[in-house]
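What follows is a set of notes on a single structure, which appears directly below.
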There are 2 protein chains.
Amino acid sequence: MFLSKSFGYALRGVLYVALLEPKGKKIKIEQIADKLAVPRHFLAKIMKKMVQENILTSTKGPYGGFSLSPITLQTKLLHLVKITDGMEQFNTCVLSLRKCNSKNPCPLHFQMLQIRDGMLAEFSKTSIGDLLDKKNPDFIKSISVI
Amino acid sequence: MFLSKSFGYALRGVLYVALLEPKGKKIKIEQIADKLAVPRHFLAKIMKKMVQENILTSTKGPYGGFSLSPITLQTKLLHLVKITDGMEQFNTCVLSLRKCNSKNPCPLHFQMLQIRDGMLAEFSKTSIGDLLDKKNPDFIKSISVI
DNA sequence: TTCAAAAAAGACATTAATGTCTTTTTTAGT
DNA sequence: ACTAAAAAAGACATTAATGTCTTTTTTGAA
Ligand code: FES
Ligand code: FES
């Protein structure tokens, strides 16, 4: 309901790179997909989009893989949502009637506005770096299927 | 993202019946689908589920159609969500990792908990009757595509 | 320069949500 | 009893999201 699987894969993928990449090596998509138990090629498409948006960098060829970009840790979650789910949901009426609009509200409009604005606020202020907790030795578990 | 189309159709359908039924007549699915510009047979399936849950009543045959049940107006929106979308979304991790669980939280857990609890609270306290505004001559417009 | 490793790209498959059409069942009135 | 009207049921179609497989492009190192 709230967010697509793609969004979850994107966030877990970038967090995995952020957690391990500082060791110096690039992270291969195969390793990410294996460790996170995510469909490899599906994840690859999502990672590619993140690279296009400069949320990650990647290099092809031997010793290649994914690594952080200068903006990775400052990237807001809303940017990931934009990439994976799009922003239409935030200004489309929950009853699928039309563009959501306070001048011409549906019966649920103001309730939904509050909920969506809460989510928008949270995702606008929270960055990928905010979610990364390198000090926690169990952090890797928190982004893996148990 | 937030809710399915089915949910929107369900709410608009039941509000349409609640708005017009007190005139004494049963409301036919054909009329509802036409006036709300909703796929007729798809809506019919959703209406049937609401009847099974006693959120509406229906009678077959000539002069039949849909009408309110004793509990229609007291029905909480969460009941509609249960019918159309299910409740799993409220206790499944946003990262699709597993059952959502504060003892073993994913990096987004507490942010999502707040958002979801806000939505749960709103949908638990708001009833169909709360959304029905018979005094408003434009209410019908607010549940129709403009 | 060739080779192998890796991401990128693209074709295709599966699944879940949404939508359409037809048949069956029920029922009010004649 | 018969007929017609209406919901209910069910078969099938379309679409969007998710997932798999293969080919192409890029690149570092021998
Ligand atoms: S008009 Fe329906 S949610 Fe805003
Ligand atoms: S554990 Fe992920 S949202 Fe609760």
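Letters A, B, ... are given to chains in the order of the sequence lines, protein chains preceding strands, and every chain is numbered from 1.
Near DNA chain D, meaning a heavy atom under 4.0 Å away, there are no residues from residues 69-79 of chain A. Remark: nothing in residues 25-37 of chain B comes within less than 4.0 Å of DNA chain C through any heavy atom.
Atom-to-atom, CD1 of Ile55(B) to P of dA7(D) comes out at 18 Å; the value is rounded to the nearest Å. Between the P atom of dA8(D) and the CE atom of Met50(B) lies a distance of 11 Å, rounded to the nearest Å. Atom-to-atom, CG of Asp85(A) to P of dA17(D) comes out at 9 Å; the value is rounded to the nearest Å. Between Ile46(B) atom CD1 and dA7(D) atom C1' the separation is 15 Å, expressed in whole Å. Computed from coordinates, the Leu56(B) CG to dA6(D) C1' distance equals 16 Å when rounded to whole Å. Here dG10(D) presents its P atom at 14 Å from NZ of Lys49(B), a figure rounded to the nearest Å.
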Going through the checks in order, is the side-chain contact (heavy atoms from CB on, under 4.5 Å) test met by Ile32(A) and Met47(A)? CA-CA 11 Å; Ile32(A) 307 173; Met47(A) 299 293 279; 3.7 Å; yes

Given the rule in the side-chain hydrogen bond (donor to acceptor under 3.5 Å, both in side chains) test, do Lys26(A) and Thr59(A) qualify, once you have shown the distances and angles that lead to the verdict? CA-CA 8 Å; Lys26(A) 308 285 180 62; Thr59(A) 55; 3.0 Å; yes

Hey, mind stepping through Val14(B) and Leu56(B) against side-chain contact (heavy atoms from CB on, under 4.5 Å) and telling me if it holds? CA-CA 8 Å; Val14(B) 67; Leu56(B) 286 173; 3.7 Å; yes

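Checking the phosphate oxygens (OP1, OP2) of dT18(D), a side-chain nitrogen or oxygen of Ser6(A) falls inside 4.0 Å.
Taking Asp34(A) as the reference, nothing meets the side chain to side chain donor-acceptor pair (under 3.5 Å) condition, with sequence neighbours excluded.
Between Phe123(B) and Phe7(B), the ring-plane angle classifies as tilted under the 30° and 60° cut-offs.
Sorted by first then second residue, the salt bridge (Lys or Arg N to Asp or Glu O under 4.0 Å) pairs that include residues 111-127 of chain B, not counting sequence neighbours, are Glu122(B)-Lys125(B). Each side-chain hydrogen bond (donor to acceptor under 3.5 Å, both in side chains) pair with one or both residues in residues 70-79 of chain A, not counting sequence neighbours, appears once here: Glu53(A)-His79(A), Ser69(A)-Thr72(A).
Note that CG of Leu11(B) is 9.5 Å distant from OG1 of Thr84(B), once rounded to the nearest 0.5 Å. Taking NZ of Lys49(A) as the reference point, atom CG of Leu80(A) lies at 11.5 Å (rounded to 0.5 Å).
For the 3.5 Å distance criterion, the side chains of Glu21(B) and Tyr16(B) fail to qualify, holding no donor opposite an acceptor. No hydrogens or angles considered: nothing links the side chains of Ser144(B) and Lys35(B) as a donor-acceptor pair under 3.5 Å.
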Produce a footprint string for nucleotides 19-28 of chain C: one letter per nucleotide, 5' end first; B if the base is under 4.0 Å from any protein heavy atom, S if only the sugar-phosphate is, - if neither. BBBB--BBBB

